Amino acid sequence: MENLNDPKRLKDSEVNIDEAMTVCLLENDPLEEIFALNLGDFLCEHLISSEFAHKIGNKVKTKNESLKDQLLELISIYSIDSTLSILGFNSNEDYIIYNSIAKTIKLMLSLEKCVIYLAKKNEPIKLAGTSTDDINEEVNSHIARSYKKEEVIMLSENNKQIIVFPMKNKFECIGAIEVTRDASHPLEAEFIELLKITAGLFVTSLGIQKLIDQVKRVVGSDTVTTSELLNLRAQLTSIIGDLGDKQQAFVEKLAIAVDLKGKYKNNHSQRTADLSREICNFLELNEKTTDLIYYAGLLQNIGKITINDELLHKKGKLSKDEWDKLQEHPNAGVSLLMNINFMSEVVPYIHYQKERWDGLGKPEGLGGFSIPFGSRIIAVADAYCALTEDRPHRAALSNAEALEILKQESAAKWDPNVINALIKMKS
């Protein structure tokens with residue numbers, strides 16, 4: 001095979017240097033290209049002769065130094081603040097963390113109680129956090145059984161529905177989450193799926209934290225081998241990929257739970273997100289922005305999951321206080337999302353979704369181009385989907401009827417550019 005590092009080849013004016021760098025990297029280390037962000041270090045490490053590298057001495061990083069830098073870069077992104085903030089806490093005290101998670105799950109899913117149990121290596125499973133002030137540290141047999149067998153257990157006791165979810169991934173099981181509801185109002189299948197995903201996301205986040213602690217110990221060692229560093233990087237990148245998959249599944253299941261609690265029968269959040277993405281693609285927005293707007297579309301009604309069921313479905317006239325609570329649901333959603341750190345970039349899109357083009361909306365009274373573009377797209381997609389869905393007070397409108405209404409409200413409620421794009425897409 002031709003040697004791409006041969007000095008004669010590199011001096012040849014016809015050599016494609018970018019191609020040479022890429023091939024060289026892929027042959028030696030598939031992940032190196034991802035981390036070789038500093039071109040100077042990159043050229044030194046991969047394209048120049050060892051003799052020249054020796055001459056420039058301290059300016060060239062060794063393989064181990066480069067790997068340590070890469071590991072430090074990864075753990076700076078996936079720290080405890082970024083991974084364990086799944087459902088909302090802001091303290092390093094363990095009992096506060098787990099109590100807060102349990103209380104948030106209870107609130108989101110209208111439970112009577114939520115209890116979290118954890119087990120350290122070679123130790124029995126123990127109480128870690130609870131949504132109630134009534135603390136009972138006794139571990140019932142069904143908790144231990146769910147943890148040991150790594151399976152969901154459902155039972156009924158004293159007119160209560162009890163479900164236990166093992167906190168597991170493909171590598172380990174670290175505990176269990178127990179939820180309780182009145183048996184007359186059993187937990188919906190969609191909420192069960194959300195809890196399964198939450199349990200898996202939680203254990204994967206803890207797994208990353210364990211690896212991060214290991215990385216911190218290793219990078220400070222002068223005796224660590226290149227093989228050990230490569231193995232750590234492989235483990236870390238693998239579990240980060242697993243975390244990404246679970247995070248996406250969590251958001252999608254959470255959106256379904258929002259629709260369920262809001263009594264939407266048409267997958268409203270999913271339809272809004274899908275249409276938002278179609279508009280983004282039509283307008284040729286970049287992939288990252290499109291993804292963020294898609295997630296914001298999924299979760300733009302997330303505030304409804306924190307609103308009391310009785311208020312959300314109350315029949316008859318609402319009081320002013322009740323109406324204000326219902327109308328301000330995006331703010332509740334923003335508060336919840338602020339604590340789901342991996343989704344924090346979608347917060348502005350959700351926060352400003354109720355603004356109007358003419359500046360008469362809420363919460364800040366922004367107008368025109370001062371409203372984030374993602375918010376303007378979601379607002380139009382949400383309105384179109386709402387108009388074309390059956391609602392208790394009316395039947396779904398046709399595509400033409402919905403577009404006509406939106407067109408009439410363009411430049412008052414909606415961004416005219418987004419409306420024009422929607423009309424072109426749907427006509």
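Residue numbers start at 1 and run along the sequence shown. Here the structure is a predicted model, which is why all the values come from computation and not from measurement.
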Counting distance only, does the side-chain N/O of Glu157 pair as donor-acceptor with the main-chain N or O of Ile162 below 3.5 Å?
-> no

Any Lys/Arg nitrogen of Glu172 or Lys210 sitting under 4.0 Å from an Asp/Glu carboxylate oxygen of the other?
-> yes

Show your working on ring pair (Phe, Tyr, Trp, His ring centres under 6.0 Å) between Phe369 and Trp357 and close with a plain yes or no.
-> CA-CA 8 Å; Phe369 294 108; Trp357 184 257; 5.1 Å; yes

Looking only at heavy atoms, the pair that brings Thr388 and Ala402 closest together is CG2-CB, 3.7 Å

Take Val347 and Tyr349 through the test side chain to side chain contact (heavy atoms under 4.5 Å, CB included) and record every step on the way to the result.
-> CA-CA 5 Å; Val347 168; Tyr349 297 148; over 6 Å; no

Criterion side chain to side chain contact (heavy atoms under 4.5 Å, CB included) on Leu275 and Lys426, from CA distance to verdict = CA-CA 11 Å; Leu275 181 55; Lys426 294 294 184 180; 3.9 Å; yes

Please name the pair of heavy atoms, one in Thr198 and one in Phe250, separated by the smallest distance, quoted to 0.1 Å.
-> OG1-CE1, 3.4 Å

Backbone of Asn286 reached by a side-chain donor or acceptor of Thr289 within 3.5 Å | no

Taking side chain as C-beta onward, heavy atoms only, is Asp182 less than 4.5 Å from Gln161?
-> no

What's the spacing between Cys385 SG and Arg271 CZ if we round to 0.5 Å?
-> 4.5 Å

Do the non-hydrogen side-chain atoms of Ile153 and Leu155 ever get within less than 4.5 Å of each other?
-> yes

Do the side-chain N and O atoms of Glu178 and His142 include a donor-acceptor pair separated by under 3.5 angstrom?
-> yes

Looking only at side chains, do Ser221 and Thr223 share a donor and an acceptor under 3.5 Å apart?
-> yes

Minimum heavy-atom distance Ala234-Thr237, with the two atoms named = O-OG1, 3.1 Å

Just by modelled atom types, is the Lys253 backbone N or O under 3.5 Å from a matching donor or acceptor in the Glu193 side chain?
-> no

Could you tell me whether the side chain of Arg376 and the main chain of Val418 form a donor-acceptor pair under 3.5 Å?
-> no

Would a 4.5 Å heavy-atom cut-off, applied to side chains only, mark Val139 and Leu127 as touching?
-> no

Nearest atoms (heavy-atom pairs only) where Tyr352 meets Pro372 | CD1-CG, 3.6 Å

Which distance, rounded to the nearest 0.5 Å, do you find between the CD1 of Ile279 and the CD1 of Ile293?
-> 9.5 Å

Lys68 with Glu65: basic N within carboxylate O range, under 4.0 Å = no

Taking all heavy atoms of Asn99 and all of Ala128, pick out the closest pair and write down the distance.
-> OD1-O, 4.4 Å

CA sep, side-chain torsions, deciding dist, call: Lys160, Glu112, salt bridge (Lys or Arg N to Asp or Glu O under 4.0 Å) = CA-CA 9 Å; Lys160 304 294 182 184; Glu112 288 196 2; 2.9 Å; yes

Do the side chain of Asn159 and the main chain of Ala183 share a donor and acceptor less than 3.5 angstrom apart?
-> no

Say whether Ser110 and Arg181, considering side chains only, have a donor N or O and an acceptor N or O under 3.5 Å apart.
-> no

Donor-acceptor under 3.5 Å (Asn64 side chain, Val224 main chain) = yes

Just how far is it from atom OG1 of Thr226 to atom CG of Asn231, taken to the nearest 0.5 Å?
-> 12.5 Å

Which is it for Tyr384 and Leu403 under the side chain to side chain contact (heavy atoms under 4.5 Å, CB included) test, yes or no, and what are the steps along the way?
-> CA-CA 7 Å; Tyr384 175 85; Leu403 291 178; 4.0 Å; yes

Distance-only, no hydrogens or angles: does the Glu355 side chain make a donor-acceptor pair with backbone N or O of Leu366 under 3.5 Å?
-> yes

Would you find a donor on one side and an acceptor on the other, under 3.5 Å apart, between the side chain of Asp242 and the backbone of Thr204?
-> no

For Thr290 and Glu287, test the side chains for any donor-to-acceptor distance below 3.5 angstrom and give the result as yes or no.
-> no

Asn169 side chain to Gly200 main-chain N or O, any donor-acceptor pair under 3.5 Å?
-> no

Stepwise side chain to side chain contact (heavy atoms under 4.5 Å, CB included) check, Asp274 with Gln270 = CA-CA 6 Å; Asp274 289 341; Gln270 186 66 61; 3.0 Å; yes

Note, Ile177 side chain near Tyr117 side chain (heavy atom, < 4.5 Å) = no

Is Ser146 reaching over with its side chain to a backbone N or O of Ile143, donor-acceptor style, under 3.5 angstrom?
-> no

Shortest non-hydrogen contact from Ala255 toward Leu299 | N-CD2, 4.1 Å

Student check: side-chain heavy atoms of Ile256 and Glu252 closer than 4.5 Å | no

CG-CD distance between Leu194 and Glu188, expressed to the nearest 0.5 angstrom | 11.0 Å

For the residue pair Leu67 and Arg233, establish whether any side-chain heavy-atom pair is separated by less than 4.5 Å.
-> yes

Separation between CD1 of Ile116 and OG of Ser131, rounded to the nearest 0.5 Å = 9.0 Å

Close side-chain approach of Val215 and Val219, heavy atoms under 4.5 Å | yes

Stepwise salt bridge (Lys or Arg N to Asp or Glu O under 4.0 Å) test for Glu151 and Lys168 = CA-CA 9 Å; Glu151 63 183 22; Lys168 66 173 183 175; over 6 Å; no

Measuring from Ser269:OG to Leu298:CG, what's the distance to the nearest 0.5 Å?
-> 7.0 Å

Tell me, do Phe373 and Asp415 make a side-chain contact under 4.5 Å, heavy atoms counted?
-> yes

